[in-house]
Protein chains: 2
Amino acid sequence: MTTDDQNSTVSRRRLLGVAGAGALAGAAALGGFELAQASDDAPETPSAGLAYDFHGRHQAGIVTPSQDRLHFASFDVTTSSRDELIALLKAWTEAAEAMTTGASVGADTLTNYASPPTDTGEALGLPASGLTLTFGFGPSLFTKDGKDRFGLEARRPKALQHLPHFPADNLDPARTDGDLCVQACANDPQVAVHAIRNLARIGFGTVAMRWNQLGFGRTSSTSTSQQTPRNLMGFKDGTANLKGEDAAEIEKFVWVDPSDDANASWLAGGSYLVARRIKIQIEPWDRTSLSEQEALIGRERAHGAPLSGGTEFTDLDLKIEGRNGPLIGMDAHVRLAHPSQNNGTKLLRRGYNFTDGTDALGRLDAGLFFIAFVRDPGKHYVPMQNQLSSQDGLMEYLQHTGSGLWAVPPGIRKGEYVGQALFA
Amino acid sequence: MTTDDQNSTVSRRRLLGVAGAGALAGAAALGGFELAQASDDAPETPSAGLAYDFHGRHQAGIVTPSQDRLHFASFDVTTSSRDELIALLKAWTEAAEAMTTGASVGADTLTNYASPPTDTGEALGLPASGLTLTFGFGPSLFTKDGKDRFGLEARRPKALQHLPHFPADNLDPARTDGDLCVQACANDPQVAVHAIRNLARIGFGTVAMRWNQLGFGRTSSTSTSQQTPRNLMGFKDGTANLKGEDAAEIEKFVWVDPSDDANASWLAGGSYLVARRIKIQIEPWDRTSLSEQEALIGRERAHGAPLSGGTEFTDLDLKIEGRNGPLIGMDAHVRLAHPSQNNGTKLLRRGYNFTDGTDALGRLDAGLFFIAFVRDPGKHYVPMQNQLSSQDGLMEYLQHTGSGLWAVPPGIRKGEYVGQALFA
């Protein structure tokens with residue numbers, strides 16, 4: 001195709017520009033070429049010193065440009081005392097305020113020799129690295145085994161239900177649900193791990209970690225300033241994702257409005273966090289032909305352009321036909337996830353690639369830890385996932401092994417604590 | 001101590017400078033202060049475009065300045081054919097040559113639509129990120145169940161034995177040993193994961209992955225140009241590590257000399273890789289007082305200065321006494337690991353912090369994945385580890401859960417394949 005074919009190795013960056021030109025029309029691929037070249041010249045290098053304010057109308061870590069690394073943790077509350085739960089949220093708030101500025105937990109961490117240091121120390125000397133900490137409340141915090149645990153039941157949001165069983169779900173209870181969740185995102189994994197570890201430590205005696213998930217590479221962009229990253233299927237992921245810059249759609253699809261739920265006025269300005277641990281059957285996928293892979297996704301792999309033509313950010317044409325039916329097949333992932341097939345719904349996703357070792361047969365336990373923030377999970381997530389789980393051709397290669405839904409309270413002002421409006 | 005005490009949060013960077021001044025003599029801490037300030041002003045930001053040559057007298061990834069992230073994999077060979085094993089090493093060499101320059105595996109990965117792409121694609125668009133791939137041969141590649149599997153037994157290095165059982169070892173067979181190992185290090189974890197995945201895929205039918213380990217933060221410096229990072233105990237780790245710049249000591253303690261082993265002249269210019277998965281009992285450690293932590297390590301935590309005085313890089317004074325015996329206790333980690341207590345031996349370590357989820361009680365499964373490169377494991381590693389495992393006070397908080405030893409062949413020239421000298 002080009003002189004590159006004579007080389008035994010082709011630069012991954014050059015490949016972005018020149019390969020795949022045979023995929024569809026030459027013009028479309030050429031457009032992708034220019035796009036890729038332009039973005040390649042300015043690779044993103046997130047500033048290590050970057051720090052996001054923990055305070056604000058909304059919690060950080062939702063429309064914040066997605067950081068590179070994730071440590072997500074789910075906790076169960078082990079106390080039955082409402083006061084102890086509130087004390088924990090206050091202590092977590094104080095620690096989060098410190099750590100998101102790049103500070104240690106506690107002022108005297110290395111001056112009191114008779115006590116354990118207040119901070120575990122592995123991030124000492126590391127900058128804030130864009131750390132955000134986003135907290136959520138699960139259905140079981142309100143009601144567990146039919147019991148109103150902390151006098152919160154009357155204020156439980158109607159939409160905060162355990163997610164239904166989706167077709168082909170294969171959930172591991174040890175990776176599912178939890179009373180509280182914390183999403184730690186940062187550009188340095190050691191900073192994210194440090195944050196979760198210190199929150200877990202502060203919670204000793206009040207909460208126990210139920211499960212946690214490390215993500216090593218983001219799979220979505222949440223800002224127009226970011227390039228679209230690739231998932232472990234090798235495809236760009238999140239091209240059509242909502243971006244923080246889409247202010248009107250973020251209001252419509254992400255933030256809970258005061259009028260949404262009379263039970264839960266405390267949640268106004270908040271959101272819901274959906275987490276799904278999606279294992280990819282890596283080895284069968286890697287043995288699938290390029291044309292089959294592209295048909296299953298509905299985009300070409302080199303640039304992420306839809307199979308209906310154009311470049312990465314061209315909208316899908318779901319009607320255009322080839323010799324064997326629609327260019328974007330009826331079971332293609334991008335068709336089934338498209339707003340036109342989902343009552344106009346758009347998602348703000350913040351997922352991460354993960355790998356967690358190998359199974360007994362030496363196969364990688366790897367995939368995508370899906371995170372989305374939605375205004376109403378019953379409207380904006382469950383119907384789409386039902387459709388995907390039952391019709392998406394890609395499901396042959398995917399297995400949902402973990403799951404959870406949490407209500408994400410709004411942001412706080414200085415002097416307040418996370419979730420204060422719920423307890424007020 | 002300073003006006004910082006009035007603040008509720010102290011910058012982690014400022015803390016490095018000002019805390020811990022009460023630990024020992026003020027002068028010592030002040031020296032540490034200047035040191036920390038100087039290095040803080042120039043944080044390391046590894047260039048994403050950084051690429052290391054795969055070819056050379058030695059394999060890359062040994063004295064290479066240690067990158068930020070690790071993906072380590074151990075494989076078992078499933079074929080009994082020597083030719084197939086050689087073909088694998090040739091294919092791995094070709095793929096490693098490509099990936100370490102930032103290229104995809106195979107020239108036609110996205111042009112042949114009828115076949116699976118030759119590269120899995122998740123690193124497409126990402127630069128080389130300093131990727132190194134370092135290959136090793138385990139004892140079981142030579143002899144397994146008393147059988148000379150590939151006609152290599154006569155060339156088996158005498159020092160290539162399974163590591164002995166050390167006191168307090170609690171090894172999981174599923175994280176121990178393996179016929180082949182590959183250490184992938186990079187400044188972007190997605191690049192390291194991509195490399196291991198593609199090597200595993202190339203090996204399908206010839207090798208099966210036995211176990212693998214992700215590391216998210218380096219715990220040693222192997223270059224004087226790098227700051228000393230911190231481990232999950234919160235201490236600087238690797239202050240006294242051999243550095244690539246210490247040419248004479250690297251020759252003495254890392255590279256196998258042609259005269260070392262008449263059986264294994266093919267290993268000259270190579271080394272041995274020792275891997276130990278060391279789980280830290282995080283929760284008990286976090287409940288230990290600062291003075292006890294510092295006594296167990298033998299250094300102060302803020303700056304890494306030895307308890308005998310000075311600043312981080314001051315050598316230990318093992319004789320100097322305080323009111324209750326030596327300032328650096330008889331069971332302090334740094335004493336037992338010091339060259340003077342180990343027949344002059346110095347180690348080149350390249351370890352990484354890891355966290356692999358939680359156990360059934362919600363405790364973090366986290367620790368240090370220890371990697372060292374030694375010229376003779378029987379001389380330069382086993383005696384030191386026996387001493388540490390039996391006498392180091394820190395062992396109360398550590399558990400060795402995985403282990404392995406591999407002979408690391410020398411580097412290759414273009415046109416050769418990894419380990420060629422062994423098969424020649």
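Order of the sequence lines sets the chain letters (A, B, ...), proteins ahead of strands, with each chain counted from 1.
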Selection from A:Pro117, A:Gly234, A:Gly362 maximising heavy-atom pairs under 4.5 Å formed with chain B: A:Pro117

Relative to chain A, which of B:Ala192, B:Ala200, B:Ser115, B:Gly217 shows the most heavy atom pairs under 4.5 Å? B:Ser115

Would you check if the side chain of B:Ser291 reaches a backbone N or O of A:Tyr113 as a donor-acceptor pair within less than 3.5 Å? yes

B:Arg230 backbone acceptor or donor facing A:Gln190 side chain under 3.5 Å: yes

Polar side-chain atom of A:Arg197 near backbone of B:Leu232 as donor-acceptor pair, under 3.5 Å: yes

Once you round to the nearest 0.5 Å, how far does CG of A:Asp188 lie from CG of B:Asp68? 7.0 Å

Mind ranking A:Ile282, A:Asp356, A:Asn231, A:Asn112 by heavy-atom pairs under 4.5 Å with chain B and telling me who comes out on top? A:Ile282

Considering only heavy atoms and a distance below 4.5 Å, find which of B:Ser289, B:Gly121, B:Gly357 pairs most often with chain A. B:Ser289

Part of B:Thr355 within contact of chain A (heavy atom distance under 4.5 Å): both

To the closest 0.5 Å, what do you measure between CE (B:Met209) and CG (A:Asp359)? 10.5 Å

State, to 0.1 Å, how close B:Trp211 and A:Thr358 come at their nearest heavy-atom pair, and which atoms those are. CA-OG1, 3.9 Å

Is the side chain of A:Arg201 donor-acceptor paired with the backbone N or O of B:Asp286 at a distance under 3.5 Å, no angle test? yes

Please determine, among B:His194, B:Arg210, B:Arg287, B:Met99, the option with the most heavy-atom pairs under 4.5 Å with chain A. B:Arg287

Interface residue of largest heavy-atom contact number with chain B, from A:Asp119, A:Asn212, A:Asp76, A:Leu214, under 4.5 Å: A:Asn212

For A:Ala73, is it the side chain, the backbone, both or neither that has a heavy atom under 4.5 Å from a heavy atom of chain B? neither

Can you find a heavy atom in the side chain of B:Thr288 that is under 4.5 Å from one in the side chain of A:Pro116? no

Options A:Ala174, A:Ala123, A:Ala366, A:Pro229, ranked by heavy-atom pairs under 4.5 Å with chain B, top entry: A:Ala123

For A:Phe204, is it the side chain, the backbone, both, or neither that has a heavy atom closer than 4.5 Å to a heavy atom of chain B? side chain

Heaviest contributor of heavy-atom pairs below 4.5 Å to chain A, chosen from B:Arg175, B:Arg69, B:His71, is B:Arg69

